[in-house]
There are 2 protein chains.
Amino acid sequence: MATKQSGAIGRPRGFDTDQALERAMLVFWELGYEGAGLATLTEAMGISTTSMYAAFGNKEELFRKALERYTEGPSAYLTRALEEPTAFGVATAILEGAVRATTGPTHPHGCMGVQAALAVGASGRGPRDLLIAWRNDGHFRVRERFQRAVDDGDLPPQADPDLLARYVATLTFGIAVQAASGVDRDELQAMADTALRVWPPA
Amino acid sequence: MATKQSGAIGRPRGFDTDQALERAMLVFWELGYEGAGLATLTEAMGISTTSMYAAFGNKEELFRKALERYTEGPSAYLTRALEEPTAFGVATAILEGAVRATTGPTHPHGCMGVQAALAVGASGRGPRDLLIAWRNDGHFRVRERFQRAVDDGDLPPQADPDLLARYVATLTFGIAVQAASGVDRDELQAMADTALRVWPPA
DNA sequence: CTAGTTCTGTATCGATCGATACAGAACTAG
DNA sequence: CTAGTTCTGTATCGATCGATACAGAACTAG
């Protein structure tokens, strides 16, 4: 990945890879994997299809890299949330992060990890399975954090970390679907506040 | 819609319209609007594209009719749930219905109304907007039912019907997303039971 | 300068997309 | 029987899909 390296051999790239990937991410986020055609993608990226293939491999690889960027960008709230000192703080930060990430004014509404490839034809199996793994990974990380909370005495000993993580994930994904339907930030945040009024729910 | 009518003029239809629509619904449910190509649809329906166009108009019309069938079939639990005598009963029935409808062994996992067209390209705008309206309609009906519960004294006077309906909808859609990811019925039902342990949450 | 390497732009590939033209089959009415 | 109507099967339409061939541009190394 040694781009822009001085002393590199050959004609230098005429565009900013990071910026192109950012724009591709936004297109996938808004239109989904199958809804985003190469023409739409490359136009948004400001490059030709040839340059896209040279830089990213193919459409599926581009999607993978866009998802990585999404994880480290708009979805980074999850990692930060897991560092909250209490399980309640973790749950609160996750839901608030989800509301903010799915209703922002500067990007598509909804969550790329939920809407980009929920149901797809044959050509989208790879990306769909990738997103399933992505969502499961989020669940696992939250569950581990809640297990630690039980071990620490922050959550009561009879609390079920898997169940609580499942509950938080359910709310998060539900928020994403509704954000994609146009439900606004305030209403979703109020809903999240209501849900968190009882913690832990079990 | 006068099919099978004795005395009808012209060559009679060589296939069962209801059965063909049922099969189309299952394909849309599993593959989404853009993921379901005409070739896949007509093969599953057991008819040629010509017959499909003659009977249903075009792909988008076929999708509309498939969604109606979904509403009256797999999604009919919502209408039944709204007839429960208490708001708690309504919420319980909705979540249980959602779990069952999205994890059944005889049909695709997930909810057709959530996954069929969350994110789409230009050709899927119609179906996507149709599904947004479909989801909103569900929310409105639940909200009205909860408003009645407040009026009846079943819910406390300070309860917010919109917020409670939003909460139930969030859980329902979250369940749908996770069912599509392969989370099994028992786990989702346990999660729903946990969430309902406190009612109303506000 | 030349040789070697990499990127870009144009032009186009075969495959699939949704959709339709058209001839013939299958029915009713008389 | 004939005339009129509707459905079916084949064959194919233009448009778009993701992807690539190829020539030339733009760089480094020597």
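- For the 3.5 Å distance criterion, the side chains of R166(B) and Q178(A) qualify, holding a donor opposite an acceptor.
- Between P12(B) and K59(B), the residue anchored nearer the 5' end of DNA chain C, judged by the nucleotide with its closest heavy atom, is K59(B).
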- Would you write the dot-bracket representation of DNA chain D, where each base gets (, ), [, ], | or . depending on whether it forms a Watson-Crick or G-U pair under 3.5 Å and with which partner? ||||||||||||||||||||||||||||||

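- Along DNA chain C, the nucleotide nearest R11(B) and the nucleotide nearest G57(B) are compared for position; the residue whose nucleotide lies closer to the 5' end is G57(B).
- Within the 4.0 angstrom heavy-atom criterion, only backbone atoms of the sugar-phosphate kind lie near S51(A); the bases stay farther away.
- Atom CZ of F28(B) is separated from atom C1' of dG18(C) by 12 Å (rounded to the nearest Å).
- Distance, L41(B) CG to dC17(C) P: 10 Å, rounded to whole Å.
- Contact annotation: side chain of T49(B) to base of dT20(C), donor-acceptor pair present below 3.5 Å.
- The side chain of F15(B) sits closest to dT8(D) out of dG18(C), dT20(D), dT8(D).
- Rounded to whole angstrom, the span from the CE atom of M52(B) across to the P atom of dC17(C) amounts to 13 Å.
- Ring-centre distance between F146(B) and W199(B): below the 6.0 Å cut-off.
- Taking CG from D16(B) and CZ from R23(B), the interatomic distance works out to 9.0 Å, rounded to the nearest 0.5 Å.
- Judged by the 6.0 Å distance and 45° axis criteria, K65(B) is not positioned over the aromatic ring of Y70(B).
- If you take CD of E61(A) and P of dA19(D), they are 11 Å apart, rounded to a whole angstrom.
- If you measure from atom CZ of R13(B) to atom C1' of dC27(C), you get 14 Å, rounded to the nearest angstrom.
- Across the protein-nucleic acid pair, L38(A) atom CG and dA15(C) atom C1' stand 14 Å apart, rounded to whole Å.
- Each of S48(B) and E60(A) has a nearest nucleotide on DNA chain D; the 5'-most of these lies closest to S48(B).
- Residues meeting the ring pair (Phe, Tyr, Trp, His ring centres under 6.0 Å) test with Y167(B), sequence neighbours left out: none.
- No donor-acceptor distance shorter than 3.5 angstrom exists from the side chain of S51(B) to the backbone of I47(B), with no hydrogens or angles considered.
- In this structure, I47(B) places its CD1 atom 14 Å from P of dT10(D), rounding to the nearest Å.
- Between the side chain of R69(A) and the main chain of M25(A), no donor-acceptor pair closer than 3.5 Å is present.
- The residue A36(B) sits close only to the backbone: its heavy atoms come under 4.0 Å of sugar-phosphate atoms, none of a base.
- The distance from atom CZ of R125(B) to atom C1' of dG18(C) is 17 Å, rounded to the nearest whole Å.
- Each of T50(B) and T50(A) was matched to the nucleotide of DNA chain D holding its nearest heavy atom; the match closer to the 5' end belongs to T50(B).
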